[in-house]
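In what follows, residues are counted from 1 in the order of the sequence shown. Computed from heavy atoms alone, side chains included, the values below leave out hydrogens, waters and symmetry copies. As the structure lists them, so they are numbered: ligands from 1, and atoms in each ligand from 1.
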Amino acid sequence: MSNSKLVLVTGGAGYIGSHTVISLVNAGYKPVILDNYSNSDPQVIAGIQDILQQPVTHYQGDCRDWDLVNSIFSKHEFEGVIHFAASKAVGESVEQPLAYYGNNLDSLMMLLKAMNQFNVPKLVFSSSCTVYGQPDQLPVTENTDRKPAASPYGNTKKICEDIIIDVVKSNTGLKAVALRYFNPIGAHPSAKIGELPLGTPSNLIPFVTQTAAGIRKVLTVFGDDYNTPDGTCIRDYIHVMDLSDAHVRSLSYLDEQQANSYYDFFNLGTGKGTSVMEVIKTFEEVAGVSLNYQVGPRRSGDIEQIFASVDKAKEVLHWETTKTMEQALGDTWKWQQIISKTS
Ligand code: NAD
Ligand code: WQD
């Protein structure tokens, strides 16, 4: 088995990918980034290199471009691939299903083809808690059945998991884990990289920080009549640095598996549910600002509450979160203040 420490990170200029590149280097890996910058800025590479104080190999291009992928795999002897690259906006996926199926499925299949051809054994795949829909029991464990997807985006994650399972079953030497992220938030504590949403954010945390920074006038809380203690929706918000560490741990976990082909999947969350109102109140305390918000109607397609059971990740992967919601919101606020100044 290759032990080159070289890891291809697709989507490595994106939000979670860029933070994972930092964790990989800190753990002794040599990441190689492939990103087409469809949802990121090439400047992110400068931020990564600034934090690491060393250059990071990066290619601009599309995972679906076989000639490029083939040339990258020919040049570097990878021991694994962490596949972040995907289109991820739920609402947009409803409007442009073919673009989402096209990008998310074809990118994965192209990489699996290259991994097979070049005998690259390990794959870490970015999946999502969206595969559970509104689970019948909370916290949601990995034994919970996946629900029919509520959006084409969610369906791509389910189908991608299934494609990986089928390839593992074909016993051609693929060892893979799918990581089902809950709600990633936060930024690198240096505030040199963070989430860079293009246009008006649809996710809660960037909307909160942009409102506090005066970029948005008012944050709308989407419904306060849910069957939760304060009436607002509950999610499991996980610091992006904790999430990044789980990818590094997943690579060594795959090394420990003796089988020729292997598949497993893990929830990555904190195990704690936090309501929208709790997020707002914690942010106000951490940032020392008063947030302009109003309660509005429910957002169509929102589930009432979801949070992870993290027992499997703790017991099997030997990974758990170390950062608090306060740290995550503090780091995001620091990052927002930097990007507000420079844009
Ligand atoms: P992101 O959009 O910030 O990063 C994805 C990166 O992939 C971007 O830099 C984009 O330019 C690149 N990319 C997209 N298609 C590409 C292609 N065909 N070829 C090369 N590069 C391509 O997203 P993120 O938040 O960092 O998410 C990373 C992964 O995690 C995605 O697969 C996403 O679906 C999944 N995920 C994200 C969340 C979340 O809330 N952020 C939650 C669950 C799962
Ligand atoms: C969180 C909560 C909103 C904005 C999405 C994807 C999911 C996964 C993670 C990729 C909800 C409320 C939000 C606002 C609000 N991504 N909210 N006002 O919907 O849990 O998950 O990202 O796999 O697939 O659907 O995240 O940040 O959009 O919302 O009140 O302006 O904040 O109703 O309860 P969500 P979110």
Side-chain angles (χ1 to χ4, degrees), residues 9-20 33-42 44-45 59-65 68-69 82-91 93 99-100 102-108 110-111 125-133 149-151 153-154 156-157 160 178-185 194-198 200-208 210-211 216 218-224 226 228 232-238 240 243-244 247 268-269 274-277 279-280 293-307:
V9 184
T10 73
Y15 174 41
I16 307 168
S18 58
H19 292 80
T20 301
I33 294 172
L34 170 60
D35 202 302
N36 64 3
Y37 305 122
S38 57
N39 196 39
S40 53
D41 192 306
V44 172
I45 304 293
Y59 293 91
Q60 174 168 6
D62 201 294
C63 296
R64 293 164 292 177
D65 177 346
L68 174 67
V69 169
I82 306 183
H83 181 42
F84 292 105
S87 306
K88 67 162 182 177
V90 175
S93 80
Y100 272 68
N103 191 22
N104 295 4
L105 304 192
D106 291 349
S107 292
L108 173 69
M110 196 63 86
L111 287 162
F125 173 70
S126 297
S127 190
S128 168
C129 67
T130 193
V131 299
Y132 295 119
S151 69
Y153 166 74
T156 68
K157 292 296 170 191
C160 283
L179 301 178
R180 294 176 177 168
Y181 313 153
F182 281 65
N183 289 55
I185 63 168
E195 190 172 9
L196 264 181
L198 301 175
T200 308
S202 57
N203 291 119
L204 176 64
I205 307 302
F207 212 106
V208 164
Q210 289 195 6
T211 306
R216 312 276 155 214
V218 57
L219 166 76
T220 301
V221 175
F222 296 142
D224 68 350
Y226 285 97
T228 60
T232 64
C233 291
I234 289 175
R235 298 288 184 273
D236 186 339
Y237 298 95
I238 172 171
V240 68
L243 199 56
S244 303
H247 293 76
L268 297 184
T274 305
S275 74
V276 175
M277 277 316 298
V279 168
I280 292 172
Y293 68 89
Q294 64 188 13
V295 175
R298 293 181 176 197
R299 179 172 69 177
S300 149
D302 265 342
I303 57 168
E304 181 176 279
Q305 47 182 320
I306 185 166
F307 49 96

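Taking a cut-off of under 4.0 Å to the non-hydrogen atoms of A85, the atoms of ligand 1 that pass are 7 (O), 13 (N), 16 (C), 21 (N), 22 (C).
Residue Y181 places every heavy atom at 4.0 Å or more from ligand 2. In this structure, R299 is part of the shell of residues with a heavy atom less than 4.0 angstrom from ligand 2.
In this structure, the side-chain hydrogen bond (donor to acceptor under 3.5 Å, both in side chains) partners of D62, at least two apart in sequence or on a different chain, are N36, R64. Residues passing the salt bridge (Lys or Arg N to Asp or Glu O under 4.0 Å) test with D302, sequence neighbours excluded: R235, R299.
Side-chain atoms of T10 come within 3.5 Å of backbone N or O of F84 as a donor-acceptor pair. Counting only distance, with no hydrogens or angles, the side chain of S93 and the backbone of V90 share a donor-acceptor pair below 3.5 Å.
Considering backbone and side-chain N/O atoms, C63 comes within less than 3.5 Å of an N/O atom of ligand 1. Note: an N/O pair closer than 3.5 Å links F222 and ligand 2 by distance alone. Checked against a 3.5 angstrom limit, the closest N/O atoms of I16 and ligand 1 fall inside it.
For atom 2 (O) of ligand 1, the closest non-hydrogen atom on the protein side is N39 ND2, 2.6 Å. When hydrogens are left out, the protein atom nearest atom 3 (O) of ligand 1 is Y15 N, 2.8 Å; that is the closest non-hydrogen contact.
Nearest residue to atom 28 (C) of ligand 1 from Y153, F125, F84 is F84 (criterion: closest heavy atom).
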